[in-house]
There are 2 protein chains.
Amino acid sequence: MVTVRTPRASSRDDILRVFAEHVARKGYSDTSLSEIATVLGLSKGTIVHHFGNKERMLHEVHSAYYERRFAEAEFIHRELDDPLTQLAAIVYALLAAHRDDRAATIAFLREFVRYAEGGGLSEELRGRRIEYRDMVVAIIERGVAGGVFHSSDPGLSALHIFGMCNYAWTWYRPEGAKSIEEIATFFASDVLLGLCGARSESLTDVDEAISTAIATVIRTPNRLPPEPPAAS
Amino acid sequence: MVTVRTPRASSRDDILRVFAEHVARKGYSDTSLSEIATVLGLSKGTIVHHFGNKERMLHEVHSAYYERRFAEAEFIHRELDDPLTQLAAIVYALLAAHRDDRAATIAFLREFVRYAEGGGLSEELRGRRIEYRDMVVAIIERGVAGGVFHSSDPGLSALHIFGMCNYAWTWYRPEGAKSIEEIATFFASDVLLGLCGARSESLTDVDEAISTAIATVIRTPNRLPPEPPAAS
DNA sequence: ATTCGCCTACCGGACGAACGGTCAGTGTAA
DNA sequence: TTACACTGACCGTTCGTCCGGTAGGCGAAT
């Protein structure tokens with residue numbers, strides 16, 4: 001095979017993209033550098049040249065994933081002001097990532113436990129995880145303080161939400177019957193009605209909050225476009 | 001080290017136990033047979049002698065895990081009759097496994113996606129997963145039919161519950177401040193109040209259902225005892 | 001305009017380690 | 001004598017990593 005190399009155009013991004021796809025499909029340990037090199041028509045040495053080692057590649061995938069989630073979250077925080085809508089937006093954003101940022105999302109959710117305990121590059125990513133969680137906890141606490149939410153433990157409420165959303169990669173399929181918007185609406189009203197105490201007047205509030213939340217998250221700057229349905 | 005080998009006592013169970021612990025801690029691919037052999041003072045050949053290959057060991061761990069969950073679930077079904085209490089019991093059972101059946105639970109939740117797509121030993125385990133899900137869906141549907149629950153999509157409600165519970169291994173620590181009973185009570189009332197429409201009169205119903213559920217699950221025959229708090 | 005050195009992407013073979021798995025053989029209880 | 005848990009040397013493969021070398025674009029010096 002003749003390699004046609006566009007001058008000055010590094011394969012860095014391609015490598016990272018294919019790497020994330022493989023990690024998503026087979027997990028980190030079962031992803032081999034030689035396989036990725038073969039897919040891209042590169043040599044294994046090139047990959048090492050760009051990233052140093054395999055661990056740093058995973059770190060970079062995870063780091064970029066966090067970057068996107070934080071950008072989203074900060075946009076949500078900036079554009080929306082009531083906790084109800086903010087929380088709905090977080091739920092939708094986390095679920096939309098399953099469709100629009102699929103490879104990185106699955107690669108992250110499959111492998112982030114690697115950073116649970118110390119060692120190597122884990123400090124930074126562990127910090128980011130705590131940061132994100134605290135942000136959601138803060139939203140819930142603001143809701144509680146404002147009398148909108150009722151939760152005896154905002155930390156557990158947040159873990160409830162994260163579990164509900166972050167487990168979706170194990171069952172969600174883009175080609176499935178339910179759209180992400182339907183799923184997010186269902187999940188968000190589930191938890192929001194619970195948090196609101198589900199007084200009947202809050203029903204319309206929740207519906208409205210979810211609509212606004214979805215519309216807002218979609219407007220996130222530099223947002224990855226929804227992935228087209230798989231051709232195969 | 002001198003190996004004291006009790007005659008006729010096969011190491012099968014020990015091997016499987018240590019294997020599950022290692023898979024829980026490091027994942028399937030990063031668990032090596034030689035390491036397990038060393039820990040137990042055996043040779044690698046012995047492990048292969050008992051199980052044939054590594055894949056079958058994982059299969060057996062997962063299979064045994066399902067066995068225990070189904071035994072629990074069937075006991076719940078037998079002892080309890082209203083969907084409210086049954087669902088609370090399922091939530092508690094899934095969470096209690098994180099403490100009382102810890103290694104197998106984490107090993108399962110880390111690795112069950114391996115069986116998502118076809119190949120090898122996956123058919124049976126995939127079937128069991130569907131079976132378990134359908135059972136929970138059936139409970140919700142019975143609740144809906146009886147007017148106790150309100151859910152426009154029992155399938156999604158079940159996925160909500162599974163996500164909430166099955167994500168716990170990523171954050172739950174036995175030595176943590178919250179007990180499994182507290183967590184389960186919090187999570188169960190979250191979803192049950194949502195499903196009940198959270199009319200105020202259902203609040204006491206839900207509390208009572210959860211208490212009954214916990215008391216019942218604990219009585220499950222052949223239940224593994226709660227693991228003692230780690231000494232180290 | 002040509003030459004030069006430098007930077008960087010990339011090659012591709014070699015490496016040592018570790019892996020899962022094989023197999024002929026051993027010792028002991030039944 | 002049979003049955004079986006178990007050994008330990010061994011095999012083929014694959015892994016991540018290393019490294020000397022090549023090629024081409026580019027800015028500076030000539």
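Below, read A as the first sequence line, B as the second, and so on, with proteins coming before strands; counting in each chain starts at 1. For clarity, every value in this text was computed on a predicted model and none was experimentally measured.
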Exercise. Side-chain N or O of Ser11(B) less than 4.0 angstrom from OP1 or OP2 on dC6(D)?
Worked result: yes
Separation of dT17(D) atom C1' from Met57(A) atom CE, nearest Å, is 13 Å
For nucleotides 18-20 of chain C, give me every protein contact, N/O to N/O, under 3.5 Å, one pair per line with atom names.
unit_1	atom_1	unit_2	atom_2	d
dC19(C)	OP1	Ser32(B)	OG	3.3
dC19(C)	OP2	Ser34(B)	OG	3.4
dG20(C)	OP1	Thr31(B)	O	3.2
dG20(C)	OP1	Lys54(B)	NZ	2.9
dG20(C)	OP2	Leu33(B)	N	3.1
dG20(C)	N7	Lys44(B)	NZ	2.9
dG20(C)	O6	Lys44(B)	NZ	3.4

- Below 6.0 angstrom between ring centroids: does that apply to Tyr28(B) and His22(B)? no
In terms of ring plane angle, is the pair Phe187(A) and Trp171(A) parallel, tilted or perpendicular, where the classes change at 30° and 60°? perpendicular
Self-check item: dC10(C) OP1/OP2 closer than 4.0 Å to side-chain N/O of His50(A)
Solution: yes
Rounded to whole Å, the NE2-P distance (His49(A) to dT17(D)) equals 16 Å
message = Whether Thr46(A) contacts dC11(C) is assessed here as follows: a side-chain N or O lying under 4.0 Å from the phosphate OP1 or OP2. Is that the case?
response = yes
Taking every heavy atom of Ala97(B) against every heavy atom of Thr105(B), the minimum-distance pair comes out as O-OG1, 3.0 Å
Side-chain atoms of Ser43(B) come closest, of dT7(D), dC10(C), dT22(C), to dT7(D)
Glu55(B) atom CD is separated from dG21(C) atom P, nearest whole Å, by 9 Å
#### Entry: Distance flag, aromatic centroids of Phe108(B) and Tyr66(B), threshold under 6.0 Å
yes
message: Would you say the rings of His160(B) and Phe186(A) are close, in the sense that their centroids are separated by under 6.0 Å?
response: no
In whole angstroms, the gap separating C1' of dA5(D) from CG of Asp14(B) amounts to 13 Å
For Ser29(A) and Ser29(B) the tightest heavy-atom approach is CB-CB, 3.5 Å
Whole-Å distance, Ile47(A) CD1 to dG12(C) P, equals 14 Å
